[in-house]
Structures are given as structure tokens and as C-alpha cells.
There are 2 protein chains.
Amino acid sequence: MLTEPIVPAAPMAQSNPPFMSGVPELLLLRLLDQQEMYGYELVRSIRQITGEAISLGEGVIYPALHTLERNGALKSRRKAVAGRTRVYYSLTAKGRTRLARLAKEWRRIQTGIEAALEAPAHAQT
Amino acid sequence: MLTEPIVPAAPMAQSNPPFMSGVPELLLLRLLDQQEMYGYELVRSIRQITGEAISLGEGVIYPALHTLERNGALKSRRKAVAGRTRVYYSLTAKGRTRLARLAKEWRRIQTGIEAALEAPAHAQT
DNA sequence: AGACTTACTTTGCAGTTCTAGGTATGTATC
DNA sequence: GATACATACCTAGAACTGCAAAGTAAGTCT
């Protein structure tokens with residue numbers, strides 16, 4: 001049963017977090033370039049590898065994995081472990097190309113922002 | 001005259017550039033924190049200060065300025081220069097707070113990504 | 001039996017950047 | 001004076017994407 005949402009849930013919040021676009025994709029490709037992993041594992045790994053700076057929920061990871069696989073950047077295989085079935089993902093050649101391009105793009109932006117933030121000129125010490 | 005678009009214009013393109021969310025806002029606040037500026041000027045300044053790494057068109061800048069002013073982060077005043085009218089923007093206290101928060105957020109993400117990209121662990125030399 | 005963790009999935013919202021087009025005025029060129 | 005270019009501002013609409021929330025289900029532990 002249970003046909004109604006009971007409570008619409010309060011919306012609000014500060015909505016769209018800045019600086020996050022493209023980040024999930026970059027991190028997934030980066031991690032999967034090192035070794036085969038499954039979704040749930042990736043969620044924890046991202047938290048860890050970024051030093052708790054970035055935390056992506058399952059609602060972000062799984063859809064992203066599906067999209068990347070659909071695009072041919074990832075390939076997957078099912079594997080039964082401890083009576084449970086996991087879906088392991090790994091990079092394809094296309095995925096490696098994409099990772100390289102994305103990482104380069106990131107560095108470009110990052111360099112640009114850094115230049116702007118350091119911005120001498122004004123002096124405010 | 002000229003009442004029709006003549007050609008619908010081909011869409012396509014590679015769509016949404018990654019890593020750009022929040023960036024226009026951050027750069028605008030950063031630049032306007034140093035000195036009063038007008039839209040057209042900001043377009044060029046951003047290109048310059050980021051070392052050509054980031055280039056934001058007028059279609060990005062003006063709406064962003066309007067939104068920031070509406071949110072109370074910026075204040076504006078009209079000024080006639082060389083027979084032309086310019087709209088100069090500058091930071092409000094609220095804008096300064098926002099800049100601080102955004103910059104901090106940027107550094108957090110940036111650090112996280114960097115950690116992930118450098119990621120030793122695997123070794124592939 | 002109950003509670004918790006693992007593991008995967010889906011829906012819908014929300015907010016943003018970007019391209020492309022359009023207006024208008026001053027200045028330089030022919 | 002006509003043409004072209006740079007300055008200066010504005011808007012609409014599309015496209016994308018991350019995120020929270022909720023749900024399913026099966027193991028494990030107490």
C-alpha cells in the first residue's frame with residue numbers, strides 16, 4: 001500500500017552548490033582509471049580520497065555511472081561477492097580519453113581562478 | 001524591418017562546459033571587491049586577469065550582475081562617461097560576505113580535486 | 001524479531017551557464 | 001554623409017547537471 005507521500009517534505013535549502021559541475025564525472029573517471037570499483041564503494045572512496053572535502057551521495061553516483069556507461073566511457077560487469085551482487089565499473093579507452101580532456105580542462109579553469117583570486121594589484125595587507 | 005529570424009540557427013555544440021558553475025559569480029565579486037567597474041569592462045577584465053583561461057560573454061555577465069544586485073550583493077550607479085552612460089557596480093557588505101564564503105568554498109573543492117588527481121596509490125610510472 | 005549496513009535505483013526539483021540575437025550611440029574611415 | 005567598428009547594455013530560451021529524498025532488498029549482528 002502506501003499510496004500517498006504523507007508530507008511533501010520541506011524544500012528550500014541553499015539549492016545548487018557552486019563549483020560542482022563536472023566534478024562527479026571527473027572523480028569517477030579518475031578513480032576508475034586506477035581500479036575497478038562498484039558504486040557504493042565509490043561513494044566512500046570519493047569522500048576519502050578528497051580528504052572529506054567532497055562528498056557525493058548515491059543519488060549522484062549511480063545516475064552518473066549509468067550515463068558514463070551509456071556514453072561508452074565505462075564498462076561494467078556483475079560480480080557476486082559474499083552472496084551479494086555488485087556491479088563493477090572500469091574505464092574504456094574512450095573513458096581514458098575523456099578523463100584526460102576533463103583533467104586538462106579542470107587545470108585550465110583552476111589556474112585561471114587562482115590567478116584571479118591571488119590578484120595582486122589592490123593590496124590589502 | 002527585419003521581422004523574421006531568417007534561419008533558426010543550428011543548435012548543437014558540445015553543450016554545457018564543465019567546472020563553470022559558480023565561477024562567474026566568484027569572479028565578478030572578486031573583481032568588484034577591488035574597484036568599481038561596469039559590465040563591458042568586466043568582460044575584458046575577466047579574460048585578462050585569468051590569463052585568457054576564462055572568457056565570459058556579455059550574455060553571462062549582465063544577467064549575473066542583475067541577479068547579484070537583486071540579491072543585495074552589489075549596488076550600482078549610472079555614470080556618464082564620454083557622452084555614454086555606464087552602469088558601475090560595486091560590492092556591498094553582503095557581497096563581501098558572499099565573496100568570502102564563495103572563495104572558501106572554492107578552495108575546499110579545489111583542494112579535494114587536487115588530492116584526487118594527484119592520488120598516488122596506484123603508481124604507473 | 002529488530003536494527004543496521006550494504007547495494008542499487010528512481011523521481012523531480014532547482015539553479016546555472018551559454019549561445020544567439022537585438023538595441024543604441026560614439027568614433028574613425030572613405 | 002555613409003559605412004564600419006567598438007563600446008555598452010539587455011533579454012529569451014535551451015540545455016545541462018547535481019542533489020535530496022525515498023524506496024527496494026538482502027545480508028549481518030544482537
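Source: prediction; values computed, not measured. Each chain gets a letter, A, B and so on, in the order the sequences are listed, and its residues count up from 1.
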Would you mind classifying the nucleic acid contact of [X] as base, sugar-phosphate or nothing, using non-hydrogen atoms under 4.0 angstrom?
{"X": "B:Gly57", "answer": "nothing"}
{"X": "A:Pro18", "answer": "nothing"}
{"X": "A:Glu58", "answer": "base"}
{"X": "A:Gly59", "answer": "base"}

Using atom [atom1] of [X] as one end and atom [atom2] of [N] as the other, report the distance to the nearest whole Å.
{"X": "A:Leu68", "N": "D:dT17", "atom1": "CG", "atom2": "C1'", "result": "12 Å"}
{"X": "A:Ile54", "N": "D:dG18", "atom1": "CD1", "atom2": "P", "result": "12 Å"}
{"X": "B:Arg78", "N": "D:dC10", "atom1": "CZ", "atom2": "P", "result": "7 Å"}
{"X": "B:Ile61", "N": "D:dC9", "atom1": "CD1", "atom2": "P", "result": "12 Å"}
{"X": "B:Tyr88", "N": "D:dA8", "atom1": "OH", "atom2": "C1'", "result": "11 Å"}
{"X": "A:Arg70", "N": "C:dT10", "atom1": "CZ", "atom2": "P", "result": "10 Å"}
{"X": "B:Leu56", "N": "D:dC9", "atom1": "CG", "atom2": "C1'", "result": "17 Å"}
{"X": "A:Tyr40", "N": "C:dA7", "atom1": "OH", "atom2": "P", "result": "7 Å"}

ask   = If you find the nucleotide of DNA chain D closest to A:Pro63 and the one closest to A:Gly83, which residue's nucleotide is nearer the 5' end?
value =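 Whichever sits nearer the 5' end wins; that is A:Pro63.
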inquiry  = Nearest heavy atom decides the nucleotide; on that basis, is B:Tyr89 or A:Met20 closer to the 5' end of DNA chain D?
reply    =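 The residue closer to the strand's 5' end, by nearest nucleotide, is B:Tyr89.
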Would you indicate, yes or no, if [N] has its OP1 or OP2 atom less than 4.0 angstrom from a side-chain nitrogen or oxygen of [X]?
{"X": "A:Tyr38", "N": "C:dA7", "value": "yes"}
{"X": "A:Tyr62", "N": "C:dC8", "value": "yes"}
{"X": "A:Arg44", "N": "C:dA7", "value": "yes"}
{"X": "B:His66", "N": "D:dT11", "value": "yes"}

Side-chain-base donor-acceptor pair under 3.5 Å for A:Arg84 and D:dA26 =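 It does, because a donor-acceptor pair links the side chain of A:Arg84 to the base of D:dA26 below 3.5 Å.
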inquiry  = Between B:Thr85 and B:Ala80 (side chain of the first, backbone of the second, donor and acceptor by atom type, cut-off under 3.5 Å), is there such a pair?
reply    = no
ask   = For A:Val87, does its backbone N or O pair with a side-chain atom of A:Ser76 as donor and acceptor, under 3.5 Å?
value = no
task = Mind checking the CH2-OG1 spacing from B:Trp106 to B:Thr111? Nearest 0.5 Å is all I need.
result =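 Reported value, rounded in 0.5 Å steps: 10.0 Å.
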ask   = Which value, rounded to the nearest 0.5 Å, describes the distance between B:Ile113 atom CD1 and A:Leu27 atom CG?
value =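 One finds 4.5 Å between CD1 of B:Ile113 and CG of A:Leu27.
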inquiry  = Please pick, from C:dC18, C:dT6, D:dG18, the nucleotide with the shortest atom-to-atom distance to any side-chain atom of A:Arg86.
reply    =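 Of the candidates, C:dT6 comes closest.
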query = Side chains of B:Leu65 and B:Leu32: closer than 4.5 Å at any heavy-atom pair?
reply =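 Sidechains of B:Leu32 and B:Leu65: in contact.
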message = One thing to verify: whether A:Arg77 and A:Glu36 come together as a salt bridge, which I'm taking to mean a side-chain N less than 4.0 angstrom from a carboxylate O.
response = yes
message = Closest-nucleotide mapping onto DNA chain C: is B:Ala82 or B:Val60 further toward the 5' terminus? I mean the 5' end.
response = B:Val60
